2 protein chains.
Amino acid sequence: MAKRVTLAEVAAQAGVSPITVSRALRRPDTVQPETRARIDAAVTALGYVPDPAARALATGRSDVIGVLIPSATNAVFTDVLSGIYDRLAESRFDVQYGITRYDPGTEESLLGVFLRQRPAGLIVAGIDQTAAARRLLDRAGCPVVQVMEIGADPVDMMVGFSHHDAAAAATRHLIAQGYRRPGFLGARMDPRTRRRFAGFRAEAEAAGIFDADRCETTETPSNVGMGAALLRGLLERRPDTDAVFCNNDDLALGALFEAMRLGRAVPGDLGICGFNDLEMMRAAEPPITSVRTNRFEMGARAAEMIRARLEGKDPGPALVDLGSEVQARRSTEGPS
Amino acid sequence: MAKRVTLAEVAAQAGVSPITVSRALRRPDTVQPETRARIDAAVTALGYVPDPAARALATGRSDVIGVLIPSATNAVFTDVLSGIYDRLAESRFDVQYGITRYDPGTEESLLGVFLRQRPAGLIVAGIDQTAAARRLLDRAGCPVVQVMEIGADPVDMMVGFSHHDAAAAATRHLIAQGYRRPGFLGARMDPRTRRRFAGFRAEAEAAGIFDADRCETTETPSNVGMGAALLRGLLERRPDTDAVFCNNDDLALGALFEAMRLGRAVPGDLGICGFNDLEMMRAAEPPITSVRTNRFEMGARAAEMIRARLEGKDPGPALVDLGSEVQARRSTEGPS
DNA sequence: GGCTACGATGACAGCGCTATCATTAGATGA
DNA sequence: TCATCTAATGATAGCGCTGTCATCGTAGCC
């Protein structure tokens, strides 16, 4: 256990009072250059590092930025996390995160855990907090960014994109490519998934080709095997389905493998479109069309907005739409 | 900002002194049942939650368990993280994590960040710390668990498996299946990757079929597209290669897609074996052989060991080998 | 009955830092 | 020259909790 060096020891070494050291560290411009130099020398000589707990207690404020995400294994959220981390790594802030497991109740209680630490800022995924959680956020007393989505009535700031519109664009792409009997594969029907489904449905209905029987969904978590299972189920019921919009890329990959097993040519017999545009979509054979979302950027922007607010700079607009774009690839080149 | 309820207020409400409330909360068996009941009632009535910063300052110990992993997006580490999280979510401990980006220097400095918080415990990935980091860990003054690997000379506790042996087993499997000209694909040649390569090499040499020209590696990060590129490169140089052991599943998936593009039948013309056994391996077409490692369990055990130590229970053996096993699937059914 | 032993509770101080206000020295101007 | 102001620094107190020791009351024992 390295012995702790206190402010007072640094002060003694530098021949000033502790409070001056504190100031020199936090607002260097308020102490005379030569005093500061002496203090800096003492700090490095003794290897002083501030005690975050003591600071938190004295200021009633910690340097923790809390992040609430539904899952630690879903690539979508880990990409956002990376973005956050990237912009906070060199700062005085620490990231602490909580996993909600897609459960609003868990989110609510984790929010309590974070709040009692008086966090410097809060980043939460989505816009579907419970009423109680919403109330907690409203009174958080720190910058709050909702990520992943945009919607009306932000708690504070928001950076994301419209899942509805992104799914609608993907559906339009399928239709434009000539597919006329598109289906939908979805797992873990969380609020974002539902909005994507709504986007698919709206666009399919507008084209007069929506068929509820071509929508294969499950509440269980999403993975590649599930994509295969869902496609199999869908094709058993509606063998003439000529394309599928998959709620995410894992499902799309599973659908591709299942199509191979069933001897359905992609894209000739079956068009496949994913969502999120993970790296593997581009590398697949055939390469799979997907909807690119800017996940890393989302986290990065959220972190930047919080930092800007905390450092008194201009955080820019409170609502940032990062958009999305369909990455058209061979898997949706059109029916043969 | 929800106003903070202090211990003193709870004490007043319950008609006892603050210190008794403190005791009732931390070691309930040391206060009389009825006193405790009164205190509990006051706590719930006022919605009291302890201030972690004040506690940390008073005890010189925080409830933070620090986790150091190389990457937040690599499924391997997020699975470990999930395991840790799973066993700590309901406890008084908070997880705080740092990303080393596979850089020993970053690991060292992050270690400093954690240590100054006087963490309750530390979990670090791997056994390849710098000398300075090693020294810090030795003096950490808290339980330390190294995860992902096992090796000689643990800092404190260790839970993992032998990457060398796991790779050797996979290689033996390829040979047993009849492949005689196996190659190796590797990206991001970190220490674990190198040990896996060593395992492959040892086994191939033992069989008298090692060929350095069949080893295609790169220092750049691993992904599916890279798997495809590496296989292409390998086959250009050694077209008669009849199997590949891929350093991870992303590479294996990329290799599968590339084989499809090149018209090489898997497993007849080319056997493919991955590493980690991510879910998608089972769902692929053909299903891909891979080496199962117990990542979630690894995190879970690490967390349990730390908790046991902190709670004065028996943490069990300090070195836990979780092993690994080859999951044989169609992709290595043997050459045609 | 008087003593010890022990369990339950409380008083006090202090963890390391910072907010607040006070003080000092130096600069400015009539 | 003296009053006035400003910048730099210091003294004091306290953030909310817990370690340590003191105190009190009661059971147990001869």
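Just so you know, these numbers come straight off a predicted model, no measurement behind them. Throughout, a chain's letter reflects where its sequence line sits, starting with A, and its residues are numbered from 1.
Taking atom CZ of Arg55(B) as the reference point, atom P of dC17(D) lies 8 Å away to the nearest angstrom. dC15(D) atom P lies 19 Å from atom CG of Leu7(A), rounded to whole Å. Taking atom CZ on Arg27(A) and atom P on dA7(D), their separation rounds to 13 Å, with Å as the unit. Atom C1' of nucleotide dT18(D) and atom CZ of Arg92(B) are separated by 13 Å, given to the nearest angstrom. Glu34(A) has its CD atom 11 Å from the C1' atom of dA8(D), to the nearest Å.
Counting only distance, with no hydrogens or angles, the side chain of Gln117(B) and the backbone of Val64(B) share no donor-acceptor pair below 3.5 Å. Within the 3.5 Å criterion, the main-chain N or O of Val31(B) finds no donor-acceptor partner in the side chain of Thr35(B). Counting only distance, with no hydrogens or angles, the side chain of Arg61(B) and the backbone of Pro119(B) share a donor-acceptor pair below 3.5 Å. Looking only at distances, a side-chain donor or acceptor of Arg36(A) sits under 3.5 Å from a matching main-chain atom of Pro28(A). Judged by distance alone, the side chain of Asp190(B) and the main-chain N or O of Thr193(B) form a donor-acceptor pair under 3.5 Å. No donor-acceptor pair closer than 3.5 Å links the side chain of Thr73(A) to the backbone N or O of Thr78(B). At least one donor-acceptor pair under 3.5 Å links the side chain of Thr44(B) to the backbone N or O of Asp40(B). The main-chain N or O of Val16(A) is never found under 3.5 Å from a side-chain atom of Thr20(A) such that the two would form a donor-acceptor pair.
A salt bridge links Arg101(A) and Asp86(B); the closest N-O separation between the charged side-chain nitrogens and carboxylate oxygens is under 4.0 Å. Looking at Arg195(B) and Glu149(B), a side-chain N of the basic residue comes within less than 4.0 Å of a carboxylate O on the acidic one, giving a salt bridge.
Between Gln129(B) and Glu108(B), the side chains place no donor N or O within less than 3.5 Å of an acceptor N or O (distance only, hydrogens not considered).
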For nucleotides 9-13 of chain D, which of its nitrogen or oxygen atoms have a protein nitrogen or oxygen under 3.5 Å away, and what is each distance?
from, atom 1, to, atom 2, distance (Å)
dT9(D), OP1, Thr35(A), OG1, 2.5
dT9(D), OP2, Gln32(A), N, 3.0
dG10(D), OP2, Ser17(A), N, 3.0
dG10(D), OP2, Ser17(A), OG, 3.1
dG10(D), OP2, Thr20(A), OG1, 2.5
dG10(D), N7, Arg23(A), NH2, 2.9

Collect all protein-nucleotide pairs involving nucleotides 22-28 of chain D in which both atoms are nitrogen or oxygen and the distance is under 3.5 Å.
none

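Taking the side chain as every heavy atom from C-beta outward, Ile150(A) and Leu319(A) approach each other to under 4.5 Å. Leu81(B) places a side-chain heavy atom less than 4.5 Å from the side chain of Tyr97(A). Between Leu122(B) and Val145(B) there is no side-chain heavy-atom pair separated by less than 4.5 Å.
Distances shown here put every side-chain N or O of Ser22(B) at or beyond 4.0 Å from the OP1 or OP2 atom of dC17(D).
For the segment residues 45-54 of chain B, no residue has any heavy atom less than 4.0 angstrom from an atom of DNA chain C.
Axis angle across the helix from dG1(C)-dC30(D) to dA30(C)-dT1(D), with five pairs used at each end and values rounded to 10°: 40°.
For Asp153(A), the salt bridge (charged side-chain N to carboxylate O under 4.0 Å, His left out) test picks out Arg134(A), with sequence neighbours left out.
Taking every nucleotide of DNA chain C with any atom under 4.0 Å from a non-hydrogen atom of chain A, the first and last of them, 5' to 3', are dG16(C) to dA19(C).
The cationic group of Arg307(B) does not satisfy the cation-pi geometry with Phe93(B), failing either the under 6.0 Å distance to the six-membered ring centre or the 45° limit from the ring axis.
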